[in-house]
Each structure stands twice: as structure tokens, then as C-alpha cells.
Amino acid sequence: MRSQFESLFTSKDIVRAKYPNGWVGWLNDRMSDDDDGKLTRFSTMDGRYMYIIVEKLIEYGFRPPELINDTIHFHDFYLSVYEYLDYSPYDCSKYKKKIPTWLNIQPQPEKRLQEIDALGLDAYAFNGLDYSCN
């Protein structure tokens, strides 16, 4: 997958329990781009790099997403991908997503870049990058 922007959300409690050296190790490895109370976010514009990060987190004991009855269930982390081209032979868009119960955020409305341009909208109002905790 080649993505334009990916964010990985997790909670500080999960990081403290599963990441090597806990929260201090997370910060020392520059894994926190932004944190809001109990949540932390790591973002990248390189899907390959995010894949490497996710694989490391799984090795550390983070529970990976599961496909259950046509729904992708996220557990210890949540991936938000904005504007991507998927080269996978599998069509993941047909599945619903179930975010973890600890992730209590309301994302901005998201639109494809082509839609934003065609409608003459401000891209910053529909960037899907600004999250606020409820």
C-alpha cells in the first residue's frame, strides 16, 4: 500500500504495559507526534515505514487487528489511513471497521483529495488530521 498519510493511535496505558521501557522508551524512540491526555499518535507519510512500525509493535505484544464477520476489529492500536492506493490483491474496503473502546475520538470529515479540489473546498477543513477527544 502506498499511502499519503497514516496515523497510529494507541493509549498511554497500553504503551506503558507493552512497549520496551514503557512511556519513556516510546518518547525516546520518537513515537509520539502528539498526545492528548490518555491517547498518543504516531504519524507518517510512508506506508512501508508504518508497516515496519506495526510489525515491531506486534512483536512487543500489541494485539493486531482481527477480521471477524466482515469487520476489522482494532485492539491495542488503531490505524487511520488518509488517501491511499492499495496494491493488495485483497479488497479491504468492503470491510467495516470497529475502533477499540478506549479510542474515544471524533475525526474531522474526510474527503478524497479529488473531491475537495472538484468542490473548491479548503483542503485543511477536510484533512482528517485533526482529532479531538470527546
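Side-chain contact between Thr44 and Ile53 is absent, with no heavy atoms from C-beta onward closer than 4.5 Å. Side-chain contact between Ser32 and Trp23 is present, with at least one heavy-atom pair separated by less than 4.5 Å. At least one side-chain heavy atom of Ile14 sits under 4.5 Å from a side-chain heavy atom of Trp102. No side-chain heavy atom of Tyr19 sits less than 4.5 Å from a side-chain heavy atom of Thr10. Using a 4.5 Å heavy-atom threshold, the side chains of Arg16 and Trp26 count as separate. Between Asn21 and Asn28, the closest side-chain pair of non-hydrogen atoms is not below 4.5 Å.
Qualifying salt bridge (Lys or Arg N to Asp or Glu O under 4.0 Å) partners for Asp29, counting only residues two or more places apart in sequence or in other chains: none. Pro65 pairs by the side chain to side chain contact (heavy atoms under 4.5 Å, CB included) definition with Ile72, Phe74, Phe77, not counting sequence neighbours.
In Tyr60, the OH atom is crowded: over 12 heavy atoms of neighbouring residues, nucleotides or ligands sit closer than 6.0 Å.
A donor-acceptor pair under 3.5 Å is absent between the side-chain atoms of Lys18 and the main chain of Phe62, judged by distance alone.
The structure places CG of Leu67 at 8.0 Å from NE2 of His73, a figure rounded to the nearest 0.5 Å. Atom CG of Leu57 sits about 6.0 Å away from atom CG of Leu8, to the nearest 0.5 Å. Atom NE2 of His75 sits about 10.5 Å away from atom OG1 of Thr101, to the nearest 0.5 Å. For the atom pair CG (Leu103) and NZ (Lys98), the distance works out to 11.0 Å, reported to the nearest 0.5 Å.
Cluster annotation: Tyr49 is connected to Leu79 through the hydrophobic network of ILVMFWY side chains, with a link wherever side-chain heavy atoms come within less than 4.5 Å. Ile58 and Phe42 end up in the same hydrophobic cluster when Ile, Leu, Val, Met, Phe, Trp and Tyr side chains are linked at under 4.5 Å.
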